[in-house]
Structure formats: structure tokens, C-alpha cells
Amino acid sequence: MQNLIQSVLILMAVLMSTRGAEEVVYTQVGDSITLKPQVMDHSQKYYWHWSFGNVELASLNPYGKHFSSDKLWKDKLSLSDDSLTINNIQQEHFGKIVCDLRLNRITKETTNFHILKISVTMKPPSPLLPGEYLSLACDAETQNNQRPQIHWLNPQGMVYNQFPVQATRQHHGQWTCVVINNGKENKAKVSVTVVDLSPAPSRPQYTSKVSPLNVPCSIPDDISWEQIKARDIQEVHWDFFPKSGSNLPSERLFSLSLNNSLTWNPDQNKGLKPAKDPKTKNLSLTKRLGREEGRGDYVCTLKFKSGRTLSSTVHVEVMQIVSSPGTDLISGQQVNLTCSFGHPLPSDLQLKWTPPARSSLIPDPHRAHLILPAVWTGDGGRWKCELQQNTTLLAWAVIDLKIEPKLSLWMLAIICSVTVIVILLLIFVIILYRRRQRKRRHLRHRLCQCKNPKPKGFYRT
Ligand SMILES: *[C@@H]1O[C@H](CO)[C@@H](O)[C@H](O)[C@H]1NC(C)=O
Ligand SMILES: *[C@@H]1O[C@H](CO)[C@@H](O)[C@H](O)[C@H]1NC(C)=O
Ligand SMILES: *[C@@H]1O[C@H](CO)[C@@H](O)[C@H](O)[C@H]1NC(C)=O
């Protein structure tokens with residue numbers, strides 16, 4: 001029932017506004033508006049006349065278009081078949097614009113457009129630092145004491161009216177003041193800048209002795225160095241805090257000199273290299289290969305003269321492969337390989353093992369802990385453990401296993417038997433030799449007896 005009454009009211013309003021119609025248009029300085037009168041009788045070829053006070057703004061007839069040469073309006077107007085567009089509205093353009101549709105010099109239809117101003121104020125003027133208070137206010141002029149409804153939309157497009165608000169990065173962007181008059185929405189926009197660093201990666205950065213290290217830090221694309229300098233920046237630096245439990249001290253790695261050239265000065269660079277040109281707002285550090293002592297937190301800080309600081313912390317983990325019982329092995333031995341990160345692996349990351357090419361072992365390639373029940377010489381060489389997210393390789397680690405062949409039982413048996421045979425042979429040869437010597441001595445002895453003179457009388461006569 002209520003809906004029906006509303007529809008009837010709207011219909012009546014439309015009907016009443018046909019001749020000498022009044023329209024209210026809200027806009028803000030700098031915006032553009034398009035005015036389009038309602039035409040009742042489309043069958044007529046009207047002459048269109050647009051005016052502001054006694055200035056003829058534009059006209060449209062079968063012979064062409066004509067625009068005012070008044071310097072306040074020049075180059076600001078454009079006409080289509082049924083509307084007038086005013087670009088880059090200035091303070092002086094607010095007021096009443098009349099559109100007459102004429103036939104034979106007689107006005108048939110008139111529309112009065114009341115151009116009313118929306119004023120938006122922002123306190124303090126941008127840019128803000130996170131934690132500072134932001135106030136936005138939106139004011140709209142009124143026509144016949146008809147107060148329009150006003151509300152704000154935040155950069156995410158949600159209604160938001162609680163000011164002042166403590167600024168966060170979420171508040172950065174375009175806010176919209178919505179002015180609703182007679183059911184018609186008019187919008188005024190304002191850009192709020194909240195200076196901040198790009199968010200640090202939510203999970204650790206991985207590296208190893210054989211894979212590179214990348215420690216990201218950057219200023220978002222939509223914030224310029226000029227905006228940061230406008231807030232009186234005092235220092236930009238990188239610090240390193242070793243993983244708790246290690247006895248290493250924390251250290252300042254780099255400081256940025258904030259003169260016109262913006263250059264990094266190393267304090268304790270630890271083999272790290274800053275991205276080439278800080279002017280590009282890329283403040284990342286990189287290193288060709290990681291090191292175990294590089295495990296810990298890397299903090300990128302912007303410090304302002306007001307005492308406020310912005311910082312982003314990157315956790316760095318070092319991958320390594322541990323072999324139990326070691327890397328010098330004998331074939332047949334059981335070996336456990338563990339790919340470790342110093343903390344449990346996030347579930348969105350996967351591991352992949354690659355054994356040496358000649359290895360015939362096909363272990364479960366996605367487990368951090370590999371149990372190789374027995375290794376053979378072919379399993380010797382480089383084992384690789386890769387850390388992947390979907391198919392992107394994040395980091396990898398390697399270990400070199402040396403595997404010596406083992407003397408097996410039957411080989412031992414052969415060696416022993418050969419030794420025994422050799423010894424037996426030797427003994428046999430010695431015995432043989434000795435025997436022969438003894439025989440020869442015996443013979444010589446008999447020969448000698450023969451030479452001796454035979455006892456007489458022993459001869460047979
Ligand atoms: C920043 O620079 C580093 C090293 O030069 C590069 O690896 C990285 O991709 C850059 N980051 C961005 C966001 O451009
Ligand atoms: C390998 O791991 C298994 C199970 O965790 C364990 O029983 C075995 O003793 C380990 N072997 C070595 C050589 O560390
Ligand atoms: C990557 O993984 C994430 C979750 O682990 C998933 O949401 C996403 O769709 C994957 N992307 C591709 C390209 O597979």
C-alpha cells in the first residue's frame with residue numbers, strides 16, 4: 001500500500017514537472033555535469049536554448065551548434081542532441097541554468113536546473129600517517145530549505161560516517177560523499193592518502209646456502225617519495241634481528257641518505273645488496289646465496305620527525321638437509337634425510353625431493369623426512385630438496401652423500417679361502433723342498449761309503 005502511494009506521488013511529481021520543470025543538480029568544484037531536460041513531445045524538432053542569467057550558453061538548431069564566447073564558459077561546454085555537458089565546474093558556475101525548447105520562436109518547454117554545490121573538507125589535508133586522526137565533512141547547499149540526505153562511502157564502497165577515524169592503510173583511497181535529493185544520487189569524491197609501506201609477506205622468505213635470499217620492502221605504487229618527504233621523514237633504515245636462541249647481536253644493515261640522490265649507506269651489509277634505485281620505491285635487499293646465520297627478522301623502517309615510525313618485518317628461514325648418520329656412508333646402511341626450515345612448514349607449501357640421477361631409490365618425494373632403508377653406491381651424489389608453492393620454486397637445499405662399497409660376506413670368504421690356499425701351498429712347497437734336500441744328503445752319504453776301501457776278505461774268491 002505504502003509502495004503504491006509512493007509510486008503515485010513520484011508519478012505526480014513527474015507529471016507536474018513537465019512544463020517549467022525544476023531540477024536540482026549537486027556537484028563539486030572541478031567535476032563535470034550533464035544536464036538533460038525531460039522532453040514531453042519527441043515528435044517536434046525543437047530549437048534548444050541554454051542560458052545562465054542573461055548569458056546565452058549554447059544553442060542547438062537544424063543549422064548547427066552555437067556556444068557562448070564568454071570567457072567564464074568558453075571551452076567548458078559541449079552539446080549532444082538532448083543534453084548539455086559542463087566540464088570542470090568552477091565556483092562561478094553554480095546557480096540556475098535554463099533550458100528552453102522553442103518552436104517558431106515560442107518557448108514550448110522550460111527546465112530550470114539549479115546547480116548546487118557540495119563542499120568536501122578533509123582534516124588534516126592528506127597525506128596522513130597510520131594512527132593519525134582523519135575527519136571528513138560534506139556540506140550541500142539547499143534549495144527551498146530542502147535538506148538532502150548525506151552519507152559517506154569509504155574506499156571499499158561501504159557506508160561510513162564515524163569521524164574522526166584513526167587512519168590505517170584501509171582508509172587510503174577515494175572516499176565518496178553521496179548526496180541524495182528527491183531520490184537522485186549525486187556524488188563528490190575526495191582522495192585520502194595514508195602513507196605506509198607495502199605489507200610484508202605473511203609467511204617467511206626461504207633461502208639456503210645454495211639458493212638466493214630476497215627480503216622485500218617497498219613503498220606502494222600510489223604513494224610518492226614527495227608525499228613521504230612532505231611528512232618530514234627523518235630516517236630510512238634496515239635492521240637485522242637474529243632468530244631468538246642464537247647469541248648473535250642485532251645489527252643495523254643499511255641507512256638511506258635522504259638528500260636528493262637517495263643512496264644507501266652500508267653499516268653491516270652481511271653480503272646483502274639493496275635494490276638498485278631507491279627512487280623507484282623498491283627498498284628490497286637481496287643476496288646471491290643465503291647463510292645459516294642469516295636466519296631471523298629483517299626490519300625496514302621509515303622514521304618521521306614527529307616520532308612516528310612505519311616498519312615492515314620480513315622473517316627469513318634457512319633451509320638445510322640433515323643426514324643421519326652423516327654424509328660418509330657405506331653401502332647397505334640405513335640413512336635418514338631431513339629437509340628442515342627451523343619451524344613447521346605452512347600447509348600451502350610443498351616439498352619435492354630429487355635423488356641423484358643414478359639412484360634407483362624412489363622415496364616418497366613430498367615428505368620432509370626421508371628414510372632410505374639401505375643405500376648403495378649409485379645413491380651417492382647430490383640430493384636436492386625443493387620448496388614450492390603450487391608450481392613456483394621458492395628455495396632449495398642440497399646435500400652430497402659419499403657411499404663406499406662394503407665387503408660382503410662371500411667376498412670375505414673368498415679372500416679368506418684364497419689366503420688359506422696360498423698358505424697351504426707355501427707350506428706344501430716348503431715341505432717338498434725340505435724333503436728333497438734331505439734325500440739328496442742321504443744319497444751323497446751312500447756314495448761316500450762306496451768310495452771308502454772295501455774290507456778285504458769280503459770279496460768272493
Ligand atoms: C625490487 O628489487 C629486487 C632486486 O633488485 C627485485 O628482485 C624485486 O623484484 C623488486 N621488487 C619490486 C616490487 O619491483
Ligand atoms: C631413521 O628414522 C627412523 C624412524 O624415525 C628411526 O627408527 C631410525 O633409527 C633412524 N635411523 C638413523 C640411521 O638415524
Ligand atoms: C595455488 O595454491 C593456492 C592455495 O594453496 C590455491 O588457492 C591456488 O588456486 C593455487 N593456484 C594455482 C595456479 O594452482
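As the structure lists them, so they are numbered: ligands from 1, and atoms in each ligand from 1. Note that the numbering runs from 1 along the sequence shown for the chain.
The closest protein non-hydrogen atom to atom 5 (O) of ligand 2 is H369 NE2, 4.0 Å. The nearest heavy-atom contact from the protein to atom 4 (C) of ligand 2 is I371 CD1, 3.8 Å. For atom 14 (O) of ligand 2, the closest heavy atom belonging to the protein is S324 OG, 2.7 Å. Counting protein heavy atoms only, atom 9 (O) of ligand 2 is closest to Q334 OE1, 4.3 Å.
Within the 4.0 angstrom cut-off, atom 7 (O) of ligand 2 has no protein heavy-atom neighbours.
Put simply, the side chain of K184 never gets that close to the backbone of V179: no donor and acceptor are under 3.5 Å apart. Between the N161 side chain and the W152 main chain, a donor and an acceptor come within less than 3.5 Å of each other.
Using a 30° and 60° split on the angle between ring planes, W50 and W48 fall in the parallel class, below 30°.
If you look at W175 and F163, their ring centroids are closer than 6.0 Å. In this structure, F67 has its ring center no closer than 6.0 Å to that of W73. Between W353 and H366, the ring center distance fails the sub-6.0 Å criterion.
Atom numbering of ligand 1 starts at 1 in the shown order; those under 4.0 Å from a heavy atom of T286 are 4 (C).
In this structure, of N336, V335, T338, the residue bringing a heavy atom nearest to atom 10 (C) of ligand 2 is N336. For atom 1 (C) of ligand 1, the candidate residues are N282, T280, V215; the nearest heavy-atom contact is made by N282.
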